[in-house]
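Below you'll find the structure, written out as structure tokens, and then a few comments.
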Amino acid sequence: MADVPSPLADFIVSEIRRARGASGMTQEAFGRAAGFSASHVSAVESGTRALTIDFIRGADRAFGNGGLFGRLVVKLGAPSWFLPWLDAERGARQLRLFEPLLIPGLLQTENYAHVVMRLNDLMSATEVDQQVSARMSRHKILTGDSPPQVVAVLDESTLRRAGDEHAGIMAEQVAHLITVAELPHVHVHVIPAGAGLHIGLSGPFALARASDGTWVGHLENQLGGIVVDSEDGLHTLQTRWENVRNEALPRRQSNELMKEVHSHHGPH
């Protein structure tokens with residue numbers, strides 16, 4: 001009967017509510033299938049009653065989803081500050097990603113993600129595995145029935161930053177980028193090293209457009225990250241996006257550069 005801590009609980013409740021609505025189930029019908037009263041379901045969905053593991057298991061039974069929500073609780077390695085962006089990413093119709101330092105998480109291979117996560121020596125091996133698993137699960141939005149348009153702009157240095165010990169992993173990562181960029185809804189653009197200084201070097205950011213046309217931004221830093229939804233903040237990020245996009249090579253030339261970098265890293 002243990003309660004699920006917030007904000008993870010808020011995220012799970014919103015997903016249960018969304019799934020219930022999508023399946024056309026009333027609170028009463030859902031409650032019967034999950035083993036709870038309609039008033040209990042209403043209280044959980046409104047936030048006046050705590051979300052428990054038993055309720056989550058009941059939701060999984062009601063939806064017959066193979067224990068999806070239970071696995072989210074156990075395996076969701078995303079920190080609390082990342083959950084609002086994770087929700088925006090899952091429902092986005094367009095995603096704009098800019099990274100001057102690392103490959104964006106949505107485009108990372110499992111091996112590359114492991115290397116990046118292990119850089120944080122405060123994380124245990126179990127925590128690293130959980131975070132990598134959570135990151136890999138996000139990739140499903142790229143191959144779903146109605147995937148978002150994804151446009152990623154990367155600084156060339158992100159493709160070359162490896163070192164001898166990780167050359168093979170980097171070769172695998174760049175090969176993955178080349179493959180993903182062949183999807184019609186995924187565009188990868190590279191800012192060449194010759195571009196020199198540009199505004200994007202101030203830091204990474206991402207933008208997501210929902211089905212209703214609203215935009216949400218996201219910024220990460222050494223201590224976590226923040227969701228940007230203010231008009232001024234979004235205007236700044238959209239302007240920065242246009243700046244970095246204009247510095248990047250077109251799609252075909254970017255693909256050629258990635259292939260050249262891949263050959264530099266050698267076989268893997």
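No experiment lies behind these values; they were computed from the predicted model shown. For the single chain, residues carry numbers from 1 onward in sequence order.
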Pair E15-F69, side-chain contact (heavy atoms from CB on, under 4.5 Å): steps then yes or no: CA-CA 9 Å; E15 289 302 303; F69 295 121; 3.7 Å; yes
For residues M170 and V115, determine if any side-chain heavy atom of one lies less than 4.5 Å from a side-chain heavy atom of the other. no
With rounding to the nearest 0.5 angstrom, report the OG to CZ distance, S23 to R18. 13.0 Å
Please name the residue in the list L207, V150, V153, L237 that meets the side-chain contact (heavy atoms from CB on, under 4.5 Å) test with R96. L207
Give the minimum heavy-atom separation between A195 and E247, together with the two atoms involved. CB-OE1, 3.9 Å
Tell me every residue that passes side chain to side chain contact (heavy atoms under 4.5 Å, CB included) with T179, counting only those two or more places apart in sequence or in another chain. none
Within the structure provided, determine whether F11 and R90 are in side-chain contact (heavy-atom separation under 4.5 Å). yes
CG (L119) with more than 12 external heavy atoms under 6.0 Å: yes
For the pair H176 (side chain) and T109 (backbone), establish whether a donor and an acceptor sit closer than 3.5 Å, ignoring hydrogens and angles. no
Flag side-chain contact, heavy atom, 4.5 Å: F98 against I191: yes
Identify the heavy atoms of V227 and W85 that sit nearest to each other, and give their distance. CG2-N, 3.9 Å
Under 6.0 Å between the ring centres of F55 and H40? yes
Any donor-acceptor N or O pair under 3.5 Å, side chains S157, D155: yes
Check whether T48 reaches the backbone of V44 with its side chain - one donor and one acceptor, N or O, closer than 3.5 Å. no
Residue pair H189 / H187: nearest heavy atoms and the distance that separates them: NE2-CB, 3.8 Å
We want to know whether R209 and Q149 form a side-chain donor-acceptor pair, criterion being a heavy-atom distance below 3.5 angstrom. no
When rounded to the nearest 0.5 angstrom, what is the spacing between OG1 in T26 and CZ in R32? 6.5 Å
Side-chain heavy atoms of L95 within contact of P148, under 4.5 Å: yes
Can you tell whether the side chains of R160 and E156 come within less than 4.0 Å, N to carboxylate O? yes
Could you go through D232 and T236, starting from their C-alpha distance and side-chain angles, then the distance that decides it, and tell me whether this counts as side-chain contact (heavy atoms from CB on, under 4.5 Å)? CA-CA 6 Å; D232 289 345; T236 298; 5.5 Å; no
Look at R57 together with D54 and state whether they make a salt bridge at an N to O cut-off of under 4.0 Å. yes
Around E242, counting heavy atoms of other residues, nucleotides and ligands shown, do more than 12 lie under 6.0 Å from its CD? yes
To the nearest 0.5 Å, tell me how far N243 CG sits from I199 CD1. 7.0 Å
When you compare the side chains of D212 and T214, does any donor N or O come within less than 3.5 Å of an acceptor on the partner? yes
Where L154 and P104 come nearest, the two heavy atoms and their spacing: CD2-CD, 3.3 Å
Would you mind reporting whether M258 and L159 have side-chain heavy atoms less than 4.5 Å apart? yes
Closest non-hydrogen atom pair, G105 against H139: O-NE2, 3.1 Å
I'd like to know if the side chain of R251 and the backbone of A181 have a donor-acceptor N/O pair within less than 3.5 Å. yes
Heavy-atom donor-acceptor pair, S254 side chain to P250 backbone, under 3.5 Å: yes
With a cut-off of 6.0 Å (strictly less than), are more than 12 heavy atoms of other residues, nucleotides or ligands near NE2 of H235? no
Compute the ring centroids of F63 and F30, then answer whether they are less than 6.0 Å apart. yes
Taking all non-hydrogen atoms of both residues into account, name the closest pair between A62 and A34 and its distance. CB-N, 4.0 Å
Interatomic spacing from CZ in R240 to CZ in F205 - rounded to 0.5 Å: 8.0 Å
Do E89 and L106 touch side chain to side chain, with heavy atoms closer than 4.5 Å? yes
Between S146 and R93, do the side chains contain a donor N or O and an acceptor N or O under 3.5 Å apart? yes
Non-hydrogen side-chain atoms of I169 and H166 separated by less than 4.5 Å: yes
Say you draw a straight line from CD of E28 to OG of S42; how long is it, rounded to the nearest 0.5 Å? 12.0 Å
If I take atom CG from residue L201 and atom NE2 from residue H198, how far apart are they, to the nearest 0.5 angstrom? 4.0 Å
Looking only at the side chains, is there a donor atom on one of Q173 and Q108 sitting less than 3.5 Å from an acceptor on the other? no
Evaluate the side-chain proximity of E172 to Y112: yes if any heavy-atom separation is below 4.5 Å, no if none is. no
